Amino acid sequence: MTKLRSAPIGLLSLIIILTGCTSTGEIDNPLNRRATWFSFISGEDIATACRVDGRERYRLTYIADRNVQVRIYDIDADVTPVAQLRSRIMTVAASDWFPWEFLSDPSRPFRPFDKVETLPADKLEAIRQDLLASGWSTQPAPVGKKIASTSYAWLVAGCRNGEFSFQAYEYPDADFQALTFPEILYEVDQNDIDVRQPPTDGERRTLTPNQAIGGRSAADEGGNIYNMRVNANGVSVSH
């Protein structure tokens, strides 16, 4: 009986941790990141600002197994004279920070690598056009779709022309593989950390409800694994 009761409690704890607070757009603090993660990748802070000022902004999040690598690209298109690209990369590959950065900064493994650079106008326009072609703002998100945290997916939240839109693309779906904006981002991003590319086996990574409720991985902040449920304007934890 104890085991039967522990699974729902564990799921409830995960829900509270991951959906308890609204993101401000910052994820440096690991405790704050846990509490606001789904709000952050859903772009709730962008949606809130969009209703106020309509500023053109995008958050493009690449999940390459949540416990291995996540790359977050924030674009502020209204910065003058040139748009701004902020890249944040979360990785558990020890080679990316060990030993020297760890010795000088013990918190290094728990924070994303953060870099800000300019985004040329032609690159920004190419990203816009790919988002439009991929149905980012012209087609509804696949509501109810479950994406495992161990999967490979792009989540795109943004504000354009005063309207907030959200879309999700998962490997090996055709719309995921047709995306061209990732290569543009990788080209502009000057970070030295290699991209964790999706596999080539054509297999979707899935988690059963039991795995999603009680599963853990050895990596990254205790390594909870879970399913994400796609909603109209973001994602939430699921089982």
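This chain uses plain numbering: 1 for the first residue, then up along the sequence. Predicted, not measured: the structure shown is a model, and the values here were computed from it.
Contact record, A83 with A77: CB-CA, 3.9 Å, taken as the closest heavy-atom pair. For the pair C21 and S39, the tightest heavy-atom approach, listed with the atom from each and the gap, is O-CB, 3.6 Å. Residues I46 and A157 come closest through the heavy atom pair CD1-O, 4.2 Å. Nearest heavy-atom pair across I184 and A126 is CD1-CB, 3.5 Å. The shortest non-hydrogen separation linking D130 to A178 is OD1-O, 4.3 Å. Here the shortest heavy-atom pairing between Q167 and P140 reads NE2-O, 3.5 Å.
Side-chain atoms of R86 do not come within 3.5 Å of backbone N or O of D76 as any donor-acceptor pair. Judged by distance alone, with hydrogens and angles left aside, the side-chain atoms of Q69 form a donor-acceptor pair with the main-chain N or O of R196 at under 3.5 Å. Counting only distance, with no hydrogens or angles, the side chain of Q190 and the backbone of V188 share a donor-acceptor pair below 3.5 Å. Put simply, the side chain of N67 never gets that close to the backbone of I225: no donor and acceptor are under 3.5 Å apart.
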- Apply the test side chain to side chain contact (heavy atoms under 4.5 Å, CB included) to residues D189 and V195: give CA-CA distance (whole Å), side-chain angles for both, the deciding distance (0.1 Å), then the verdict. CA-CA 11 Å; D189 178 13; V195 178; over 6 Å; no
- Message: Could you go through R71 and L185, starting from their C-alpha distance and side-chain angles, then the distance that decides it, and tell me whether this counts as side chain to side chain contact (heavy atoms under 4.5 Å, CB included)?
- Response: CA-CA 10 Å; R71 304 176 82 95; L185 294 173; over 6 Å; no
- Message: side chain to side chain contact (heavy atoms under 4.5 Å, CB included), that's the test. Do F40 and R33 meet it? Break it down for me.
- Response: CA-CA 8 Å; F40 173 75; R33 183 164 67 240; over 6 Å; no
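Between S134 and D175, every side-chain heavy-atom pair lies at or beyond the 4.5 Å cut-off. With a 4.5 Å cut-off on side-chain heavy atoms, V235 and F166 count as touching. Using a 4.5 Å heavy-atom cutoff, the side chains of T91 and F113 are in contact. Side-chain contact between D78 and R57 is absent, with no heavy atoms from C-beta onward closer than 4.5 Å. Contact check for E44 versus T36: no side-chain heavy atoms found under the 4.5 Å cut-off. Counting only heavy atoms from C-beta outward, the side chains of L85 and K123 never approach each other to under 4.5 Å. Two residues are said to be in side-chain contact when any heavy atoms from C-beta on lie closer than 4.5 Å; F164 and T48 fail this criterion. Between S149 and L207 there is a side-chain heavy-atom pair separated by less than 4.5 Å.
Taken to the nearest 0.5 Å, the CD1 atom of I41 stands 13.0 Å off from the CG atom of L60. Taking CG from N231 and OG from S42, the interatomic distance works out to 7.0 Å, rounded to the nearest 0.5 Å. Here the CE atom belonging to M90 is positioned 6.0 Å from the CD1 atom belonging to I72, to the nearest 0.5 angstrom. Taking CZ of R128 as the start and CZ of R160 as the end, the distance is 5.5 Å to the nearest 0.5 Å. Residue T138 holds its OG1 atom at 7.0 Å from CG of L132, rounded to the nearest 0.5 Å.
Under the 4.5 Å side-chain heavy-atom criterion for grouping Ile, Leu, Val, Met, Phe, Trp and Tyr, I127 is not connected to L155 through any hydrophobic cluster. When hydrophobic clusters are built by joining Ile, Leu, Val, Met, Phe, Trp and Tyr residues whose side-chain heavy atoms come closer than 4.5 Å, directly or via intermediates, V70 is grouped together with V237. Cluster membership check: I63 shares its hydrophobic cluster with Y226, using side-chain heavy-atom separations under 4.5 Å among Ile, Leu, Val, Met, Phe, Trp and Tyr. In the hydrophobic clustering of ILVMFWY residues, with side-chain heavy atoms under 4.5 Å counting as a link, Y73 and L119 come out together. A continuous path of ILVMFWY side-chain contacts below 4.5 Å connects W154 to W136, so both sit in one hydrophobic cluster.
Between Y152 and Y62, the ring planes are tilted. Angles from 30° to 60° get that label.
Applying the 6.0 Å contact sphere to CD of E163 captures no more than 12 heavy atoms from other residues, nucleotides or ligands.
Using a 4.0 Å cut-off between a side-chain N of Lys or Arg and a carboxylate O of Asp or Glu, D173 and R204 qualify as a salt bridge.
Partner D45 forms a salt bridge (Lys or Arg N to Asp or Glu O under 4.0 Å) with one of R59, R55, R51 and no other, that one being R59. Each of E170, K146, R205 was checked for a side-chain hydrogen bond (donor to acceptor under 3.5 Å, both in side chains) with S151, and the lone residue meeting it is E170.
Taking the ring axis of W37 as reference, the NZ or CZ atom of R66 stays within 45° of it and closer than 6.0 Å to the ring centre.
S87 and N191 are not linked by any side-chain donor-acceptor pair at a separation below 3.5 angstrom, with hydrogens and angles left out of the test. In this structure, a donor-acceptor pair under 3.5 Å is absent between the side chains of R229 and N227.
Taking the six-membered ring wherever Trp is involved, the centroid distance between the rings of Y58 and F181 does not fall below 6.0 Å.
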